[in-house]
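Each ligand, and each atom within it, is numbered from 1 in the order the structure gives. It should be emphasised that the depicted structure is a prediction, and the values quoted were computed from it without experimental measurement.
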Amino acid sequence: MLGDAWQAFLSDRLAQQRAAGLWRERPTLERPMRQRDFASNDYLGLACDPRLIEAQARGARRFGAGAGASHLVSGHLAPNHELEERLAELTGRPRALLFSTGYMANLGTLQTLGDRHTQLYQDRLNHASLLDGAALAGARSRRFHHCDLDDLDRLLARAPDGDRRLVVSDGVFSMDGDIADIDGLVATCQRHGAWLMVDDAHGLGVLGKRGDGCVGQRYGTAQVPVLIGTLGKALGSAGAFVAGDEPLIEALIQFARPYIYTTAQPPGVASATLRALDILATEPEHRVRLHDNIHYFRVGAADHGLPLLPSTTPIQPLLLGTNARVMAWRDVLVQRNFLVGAIREPTVPHGQARLRLTLSARHTLDEIDALLDCLGELAKHAPPEVREAVSP
Ligand SMILES: *Cc1c(COP(=O)(O)O)cnc(C)c1O
């Protein structure tokens with residue numbers, strides 16, 4: 001009987017997911033897509049760079065394939081420590097702390113900073129890991145309208161006296177590609193005595209003079225006390241970090257459960273990331289090529305009348321509206337060997353399904369032209385329900 005109840009529970013949920021057009025699938029790739037990949041976050045083309053691969057192999061030969069234990073037991077190996085020092089330097093902060101993933105960095109940070117006397121303020125479009133972190137913290141959490149500083153200001157003014165206030169925002173919004181107004185967030189936080197936490201997962205390696213992101217060395221810890229960066233996107237490897245002043249980092253080591261109760265990331269991964277940081281510092285041409293590619297794509301998309309969102313980052317979403325439209329366009333692109341993200345709710349709000357196209361330094365102009373031709377053709381010859389998405 002009980003077994004049947006579980007079967008019914010799961011098959012109902014799965015049937016609903018399918019009926020709503022929300023079925024998620026995992027394409028299995030026999031090898032990395034070196035061409036026509038407009039879905040990954042490998043913005044600088046470093047994930048398959050032979051130098052990172054060699055550094056990872058060398059790190060593994062020297063320190064082992066795995067870290068063997070958590071950081072606090074015996075997993076804090078030399079490359080992991082060196083990487084923390086280099087990340088602190090890159091972001092202009094006294095210290096940095098390595099986490100195994102960005103998801104865990106956000107959970108651990110919010111869990112450590114939040115309690116019943118904490119008021120969290122999150123941009124409506126913040127990454128899922130930030131929203132989940134608020135739940136783990138047991139803090140009161142409110143969401144302000146996307147990039148709306150007046151709305152944030154109103155909410156902050158209503159916080160109970162004595163409560164600590166933490167404002168949390170993505171640096172570059174992962175599904176829209178727009179950049180948070182860091183100046184405005186800093187000023188608003190300072191007016192209300194709030195701390196500011198910025199998750200720069202998609203800005204690191206892409207924005208800033210040195211690739212130090214949308215916060216980086218331009219804002220100190222007095223302005224942005226809590227800075228998150230991830231290493232699996234532009235830096236081409238894996239993991240994440242929190243950067244800030246000594247007391248913050250020490251508190252995370254002492255109290256962040258997603259830091260304490262997990263195996264440290266493999267040391268070879270840290271070795272690969274160290275190599276990526278060398279390349280970031282010495283070869284600005286990858287960043288230049290990335291931004292040239294973004295510009296080239298946007299100009300071409302405008303020529304084809306494609307409904308792009310106004311983003312200047314590698315994330316270039318094409319808003320199509322319904323799940324059915326997005327899946328229809330995605331299917332045609334897949335048939336032509338393009339890899340693109342089909343993003344639906346709950347990742348984005350209902351009715352705002354989109355293709356999430358990402359640009360990389362690795363793309364050639366020919367590849368971008370081929371994508372634009374395919375998208376242009378879809379917009380012109382698509383069945384009526386698709387065509388209406390692109391007409392204003
Ligand atoms: C990808 C992402 C994360 C999660 O990082 P992982 O290392 O992939 O777990 C966190 N925050 C933002 C804004 C992201 O885009």
| Minimum heavy-atom distance between L46 and D42, given as atom pair plus value |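 Result for this residue pair: N-OD1, 3.0 Å.
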
Just which atoms of ligand 1 are under 4.0 Å from any heavy atom in [X]?
{"X": "T230", "value": "5 (O)"}
{"X": "S174", "value": "15 (O)"}
{"X": "N106", "value": "10 (C), 11 (N)"}

| query | Side chain, backbone, both or neither: which part of M104 has a heavy atom under 4.0 Å from ligand 1? | reply |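 None of M104 does.
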
| query | Side chain, backbone, both or neither: which part of N126 has a heavy atom under 4.0 Å from ligand 1? | reply |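 N126 to ligand 1: no contact under 4.0 Å from either part.
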
| message | Test side chain to side chain donor-acceptor pair (under 3.5 Å) on H146 and D123; report intermediate values, then the result. | response | CA-CA 5 Å; H146 179 50; D123 188 290; 2.9 Å; yes

| Identity of the nearest option to atom 1 (C) of ligand 1, non-hydrogen atoms only, from K233, H127, H202 |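 Result: the heavy atom closest to atom 1 (C) of ligand 1 is in K233.
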
| query | Where the closest heavy atom to atom 10 (C) of ligand 1 is concerned, which of L107, D170, D199 has it? | reply |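 Ranked by closest heavy atom to atom 10 (C) of ligand 1, first place is D199.
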
Side-chain atoms of residues 257-266: list all donor-acceptor pairs with protein atoms under 3.5 Å, sequence neighbours left out, distances to 0.1 Å.
unit_1	atom_1	unit_2	atom_2	d
Y259	OH	H71	ND1	3.4
Q265	NE2	A238	O	3.1

| request: Give the intermediate values and the outcome of side-chain contact (heavy atoms from CB on, under 4.5 Å) for residues D170 and F173. | output: CA-CA 6 Å; D170 280 16; F173 288 87; 3.6 Å; yes

| request: Give a yes-or-no answer on whether the side chains of N41 and R356 include a donor-acceptor pair shorter than 3.5 Å. | output: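 A donor-acceptor contact under 3.5 Å links the two side chains.
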
What pairs of donor and acceptor atoms, side-chain ones from residues 132-143 against any protein atom, are under 3.5 angstrom apart with sequence neighbours left out?
unit_1	atom_1	unit_2	atom_2	d
D132	OD2	Y103	OH	2.6
R142	NH1	Q119	OE1	2.6
R143	NH2	R124	O	3.0

| field | Identity and distance of the protein heavy atom lying nearest atom 7 (O) of ligand 1 | value |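 Of the protein heavy atoms, G102 N, 2.7 Å lies nearest.
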
| atom 4 (C) of ligand 1 [closest protein heavy-atom partner, distance rounded to 0.1 Å] |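 Result: Y103 N, 3.6 Å.
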
| query | Would you call I228 and N106 a side-chain contact if the rule is heavy atoms closer than 4.5 Å? | reply |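 With C-beta onward as the side chain, the pair touches.
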
| Any non-hydrogen atom of S129 lying under 4.0 Å from ligand 1? |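 Right, S129 reaches ligand 1.
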
